[in-house]
Amino acid sequence: MGWVVMSERELNRIEIVSQVSQGRMSAVAAANVLGLSRRQVHRLLKRLETEGAASIRHKARGRPSNRRIDPGLREFAVSLVREQFADFGPTLAAEKLEELHGLKVSRETLRKWMVADGLWQSRKQRRTFHQPRLRRECFGELVQIDGSDHRWFEDRAPSCTLLVFIDDATSTLMQLRFVKSESTFSYFEALKGYLADHGRPVAFYSDKHAVFRVAQQGAKSGHGMTQFGRAMNELNIEILCANSSQAKGRVERANRTLQDRLVKELRLAGISDMEAGNAFLPGFIERYNAKFAKVPRRPDNLHRALNVEPDRLRGILCLRDERYVSQQLAFSYDRRRIILEENDVTRGLPGKYVDCYEFPDGQLEFRWKGVSLPYSVFDKDQRVTHAAITENKHLSAVLEFIKHEQDKAPPKKRRAGKQRTRYEPTGRRSPGRPSKLDAYYERKHAEQDAAAVASDKA
């Protein structure tokens, strides 16, 4: 007799029934152990003594299941999926088979059939692998930057964003800062602290956020770079954008670690606001780097000295733009009307462009060849523009501003009815239809001009 396949349960039955056969255990005790009746134990005992241990095996082993699905039904279902639902998942395909063809097959059964016939791959099989990128060799050669929107203070405060600067060569946390959202001013604020602590790196490595990269490369207006890019150009720091999240995996993994460790550290310290959190971060960075920082392959530090005066650095880390000055010494900026005061400098500015500087504290400054110009502001409605396009990373901050404005003043009444553009009189009169005499002289002048051109050619 060859090998007999048996389950662990069947082997256990052989052992217990053998003890009953040898008189070492009663049938009642064996029934209690096996969870069977006493009469069933006697049946197994008789089978063991007459046919041997192999008879204890389940009689249905090796036979087709009585509950099996007809092979023809399986083939029909798979053929329908192949012809009509080839790109469907098992769940949707099972629903459509029942809905359109009256063929009821469980989702898991259909999934096994589709896998066996090559119509479906599991999530593990569909997984794509990204080739790991080696670290840079020197400290300060490449610094990855990113913002992580999270409930850093849990339920003790609203969610906010943590700006993370991490060195690619050593995984050293270079700068952390809590801000309301990822914006140009918030990155300028974090960058100012970074430059003061470490100097200028060779390059920053970021995602394709609008702070770092112009989304519409073919735009006719602008200079092809963002405000952050313009500041990096003036500081002689390169800005590079990753093509995927995996490409800047060091800062992404650091975000995941911080969302676990930093949240708990802030809870233990009893910190519930961004100001106290920013004061807590330097000590946390020191402890984090002592545990997780790596040694670079080369000992060189490629950070360069800042060598920029504070006043000039303030003029770099701000929003800069240009505005065309009208004949009335006025122009628009950020939905406000700016009126320059008349003096010896501003009298010659109509028809020219002035430089606009907007600083993080809200201060506005307008300059002509480095000279600050006095001005007054005519404020317009400062509420958020209706149906304004808002990025997801700015949504929390924008909603907070909207709620503040709604509490402060009711909205202005708008006209109802058809959305037509109303005629606005300009005060200029139309010259009207030309008279017959004007048409005669115009035709005569045209004939004289044509004759003069013909004589010149002759």
Side-chain angles (χ1 to χ4, degrees), residues 132-183 186-207 237 242 245-306 393 396:
R133 178 180 60 80
L134 296 177
R135 295 177 181 271
R136 306 309 302 172
E137 295 185 346
C138 299
F139 180 67
E141 184 177 1
L142 184 67
V143 176
Q144 298 188 17
I145 57 178
D146 192 26
S148 177
D149 188 14
H150 188 65
R151 297 199 72 91
W152 295 101
F153 306 103
E154 298 173 305
D155 295 333
R156 303 186 303 277
S159 63
C160 62
T161 299
L162 179 68
L163 301 185
V164 182
F165 290 56
I166 186 169
D167 181 66
D168 185 80
T170 63
S171 291
T172 302
L173 283 182
M174 309 296 289
Q175 183 76 10
L176 296 178
R177 188 163 193 87
F178 288 116
V179 295
K180 290 184 177 180
S181 65
E182 284 190 76
S183 64
S186 62
Y187 272 104
F188 279 162
E189 190 177 3
L191 179 63
K192 186 176 181 181
Y194 181 98
L195 297 174
D197 295 339
H198 309 286
R200 295 177 296 162
V202 175
F204 284 121
Y205 198 43
S206 69
D207 55 16
I237 302 173
S245 299
Q246 290 79 8
K248 56 184 186 68
R250 311 225 192 284
V251 70
E252 296 289 353
R253 289 190 292 272
N255 286 339
R256 186 170 57 188
T257 303
L258 292 171
Q259 288 176 5
D260 177 45
R261 287 176 169 260
L262 181 56
V263 169
K264 296 177 175 63
E265 293 271 7
L266 293 171
R267 185 200 307 159
L268 294 175
I271 296 175
S272 303
D273 59 87
M274 290 195 300
E275 184 177 355
N278 286 326
F280 173 81
L281 288 176
F284 174 82
I285 293 175
E286 185 177 351
R287 296 192 301 273
Y288 181 97
N289 291 337
K291 187 173 183 63
F292 295 107
K294 308 293 182 183
V295 178
R297 276 192 276 177
R298 292 175 55 188
D300 303 330
N301 184 356
L302 299 188
H303 282 99
R304 298 156 291 167
L306 183 56
K393 293 187 175 184
S396 298

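The model shown is predicted, which means the values in this text are computed figures rather than measured ones. Numbers here are sequence positions counted from 1. Values below: all heavy atoms of this structure, side chains included; hydrogens, waters and symmetry mates excluded.
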Contact check, side chains of I237 and V202, non-hydrogen atoms, under 4.5 Å: no
May I have the list of side-chain donor-acceptor pairs in residues 291-300 shorter than 3.5 Å, sequence neighbours left out?
from	atom 1	to	atom 2	distance (Å)
R297	NH2	R135	O	3.1
R298	NH2	D300	OD2	2.9

Checking R304 now: which residues fulfil salt bridge (Lys or Arg N to Asp or Glu O under 4.0 Å) with it, not counting sequence neighbours? none
What residues, two or more places apart in sequence or in another chain, satisfy side chain to side chain donor-acceptor pair (under 3.5 Å) together with D155? none
Listed partners of N255 passing side chain to side chain donor-acceptor pair (under 3.5 Å), at least two apart: D146
Pairwise side-chain contact, L281 with F178, heavy-atom cut-off 4.5 Å (strictly under): yes
Ring pair (Phe, Tyr, Trp, His ring centres under 6.0 Å) with Y205: which residues, sequence neighbours excluded? none
Sequence neighbours excluded, the answer for side chain to side chain donor-acceptor pair (under 3.5 Å) partners of E265 is none
Those residues at least two apart in sequence (or on a different chain) that pass side chain to side chain contact (heavy atoms under 4.5 Å, CB included) with A157 are F153
Test side-chain contact (heavy atoms from CB on, under 4.5 Å) on Y288 and T257 and set out the steps. CA-CA 10 Å; Y288 181 97; T257 303; 4.0 Å; yes
Contact between L258 and L176 at the side-chain level, heavy atoms closer than 4.5 Å - yes or no? yes
Residues 252-261 vs salt bridge (Lys or Arg N to Asp or Glu O under 4.0 Å), sequence neighbours excluded, gives K248-E252, D260-K264
Salt bridge (Lys or Arg N to Asp or Glu O under 4.0 Å): pairs with one or both residues in residues 161-174, sequence neighbours excluded: R133-D168, D168-R250
Per the side-chain hydrogen bond (donor to acceptor under 3.5 Å, both in side chains) rule, what does the pair list look like for residues 187-196, sequence neighbours excluded? R177-E189, E182-Y187, Y194-H303
Quickly, which of V179, D149, L262 forms a side chain to side chain contact (heavy atoms under 4.5 Å, CB included) with L162? Name it, please. L262
Taking it one step at a time, do L173 and V164 satisfy side-chain contact (heavy atoms from CB on, under 4.5 Å)? CA-CA 7 Å; L173 283 182; V164 182; 3.9 Å; yes
I'd like to check the salt bridge (Lys or Arg N to Asp or Glu O under 4.0 Å) partners of R200; sequence neighbours left out, ordered by chain and number. none
Hey, what do you get for CZ (F139) to CE (M174), rounding to the nearest 0.5 Å? 3.5 Å
Listed by chain and number, what are the side chain to side chain donor-acceptor pair (under 3.5 Å) partners of S272, not counting sequence neighbours? R156
